[in-house]
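Questions regarding the structure given below will be posed in turn.
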Protein chains: 2
Amino acid sequence: MSEMTQIAATEARPYHHGDLSRALVEAARRILETEGPAALSLRAVAREAGVSPAAPYHHFKDKGELLDAVAHEGWHALDAALTEARSKSVDSKDRMTGLGVAYVRFARDNPALYRVMYDCSRDKDALPDQMKEEGAYCQVRNTIDERTGGTASPIDLELATIAAWCAGHGLAEMISFKQFAPLKEALGGEEAFLRGVFEHLGMFAKLDQA
Amino acid sequence: MSEMTQIAATEARPYHHGDLSRALVEAARRILETEGPAALSLRAVAREAGVSPAAPYHHFKDKGELLDAVAHEGWHALDAALTEARSKSVDSKDRMTGLGVAYVRFARDNPALYRVMYDCSRDKDALPDQMKEEGAYCQVRNTIDERTGGTASPIDLELATIAAWCAGHGLAEMISFKQFAPLKEALGGEEAFLRGVFEHLGMFAKLDQA
DNA sequence: AGATGCATCTTGACGGCGTTCAGATAGATG
DNA sequence: CATCTATCTGAACGCCGTCAAGATGCATCT
């Protein structure tokens, strides 16, 4: 009996359905992966989770709040992807480029999730709050800080992080554009294309210092 | 009589309403500016133009095609903004940065229109077709080509253009994020912030060449 | 154990959306 | 003037997000 309760607690089914909010977020991610962002309606999520269309309103204020929860998971996943990329490149020389490549790859491999993440951010005109103190954004900043040996001023460090983040985001949103296909092929694949673009980001700085 | 016809032809009112497709695009832009992208429904556009909800379907296949027309105007407007920026900076030293600043300013001043432009592109996984031969993208490429004195290889020129474009787009989408407000203030305004970010874009190239 | 309370879920409804189709309208053509 | 045809309307369909009222059943207290 107490074992049953234990199992129930582990599975966290507090009431009728059992941790519906978690089930809804999982259903949403399932829909995102299989049918894309356009199919992600609140009703479809409820359907996928096997509950009525009104059920989600006992766990989320509105559709936006459910998407926020999905986006939150997305940021954690991105964080994990960047952590792995950072740990893999022992050579600090191309650690920044490797980080950029990992970022864009995450977006390319999870396009629907990435879209939800940024749509939520735009609705609030802000990145997730936690990112400034920890998480993906912080990893980029730390990597830059390491690379410069901690010599950069706080303002320069912040500017450089923002610059890197913007470049990564821009490339992430355009990597799949058809116009770039010939160039990708000419360079021998997407990886080379990605590195090529990142290495050309110096053009502003390089040119204006010449 | 022929004068009337002339006027009518000038105003281009072929049938009942009179150049409804143009009126619809204008109505859409009006809604975008006053109420934002979320309010841009096909029905609202028809309402604003004073026609029934079904009328637009005689001029556009669906909502997406109307948005395409709006986006098309947006790309022309961006083109004009970049042309002006390019002509203003006689000094070629900061012409690239000036172009970047103009790009981001356009996005900041026309956020709803800019959003529609990129949403349409993402739906088709492609930038507008004309951009590779003329228009805004081409202006960036030409500016880079001038700056390097035409010494860059075609592939490098293309990569540099894409890099600049991605950086501009990324910054355009995040310029309004609240987290950057303190930094903007510390630098004495948005213009300085913008230039600061652009000048730090060299970090990939600079670091990896050290 | 039984009654009470309350979080949870369902049912049904409302207005708005994109889209379609049959029919009305009216400029253009002969 | 008659006809043709592009244009527009009205009504309808199924979907959406959201809400209010009522049913359900776990948890707690006596």
- Donor-acceptor contact below 3.5 Å, side chain A:Gln179 vs main chain B:Leu127: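 The answer is yes, because a donor-acceptor pair under 3.5 Å joins these two groups.
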
- Just wondering, more than 12 heavy atoms not from B:Lys124 lying within 6.0 Å of its NZ?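 Correct, the count exceeds 12.
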
- Task: Mind calculating the distance between CZ (B:Arg47) and C1' (C:dG18) to the nearest angstrom?
- Result: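 Rounded to whole Å, this separation is 13 Å.
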
- Item | Separation of C:dC21 C1' from B:Tyr57 OH (nearest whole Å) |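 Value for this atom pair: 13 Å.
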
- Any salt bridge between A:Arg195 and A:Glu191, counting N to O under 4.0 Å?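 Counted as a salt bridge, because a side-chain N and a carboxylate O are separated by less than 4.0 Å.
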
- Message: Need the bend value for the helix from C:dA1-D:dT30 to C:dG30-D:dC1: angle between end axes, 5 pairs each end, nearest 10°.
- Response: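 It works out to 0° between the end axes.
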
- Do A:Thr143 and A:Arg86 have side-chain N/O donor and acceptor atoms under 3.5 Å apart?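 Yes, because at least one side-chain N or O of A:Thr143 sits under 3.5 Å from a partner of the opposite role on A:Arg86.
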
- Can you tell me how far P of D:dT18 sits from CZ of A:Phe60, to the nearest Å?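 In whole Å, D:dT18 P and A:Phe60 CZ are 13 Å from each other.
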
- Task: Rounded off to whole Å, could you give me the CG-to-P distance for the B:Leu66 and C:dT19 pair?
- Result: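 Going from CG in B:Leu66 over to P in C:dT19 covers 10 Å.
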
- Run the salt bridge (charged side-chain N to carboxylate O under 4.0 Å, His left out) check on A:Glu158 and A:Lys132 step by step: do they pass? CA-CA 10 Å; A:Glu158 209 64 40; A:Lys132 274 262 168 154; 3.3 Å; yes

- Calculate the interatomic distance between B:Asp62 atom CG and C:dC21 atom P; express it in whole Å.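 Atom-to-atom, B:Asp62 to C:dC21, this comes out as 14 Å.
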
- Query: Taking B:Asp79 for the side chain and B:Trp75 for the main chain, is one N or O donor matched with an acceptor at less than 3.5 Å?
  - Reply: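 Answer holds: no.
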
- What is the distance, rounded to the nearest whole Å, between atom CG of A:Leu20 and atom C1' of D:dG25?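 Atom CG in A:Leu20 sits about 16 Å away from atom C1' in D:dG25.
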
- Task: Calculate the interatomic distance between B:Leu42 atom CG and C:dG18 atom P; express it in whole Å.
- Result: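 Between P of C:dG18 and CG of B:Leu42: 5 Å.
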
- Pairwise 5' ranking along DNA chain C for B:Ala54 and B:Ser41, keeping only the more 5' one: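 Result: B:Ser41.
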
- Earlier contact from the 5' end, DNA chain D, for A:His58 and A:Arg43: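 Residue closer to the 5' terminus by nearest nucleotide: A:Arg43.
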
- Query: Please give, in whole Å, the distance from D:dC16 P to A:Ile31 CD1?
  - Reply: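 Result: 10 Å.
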
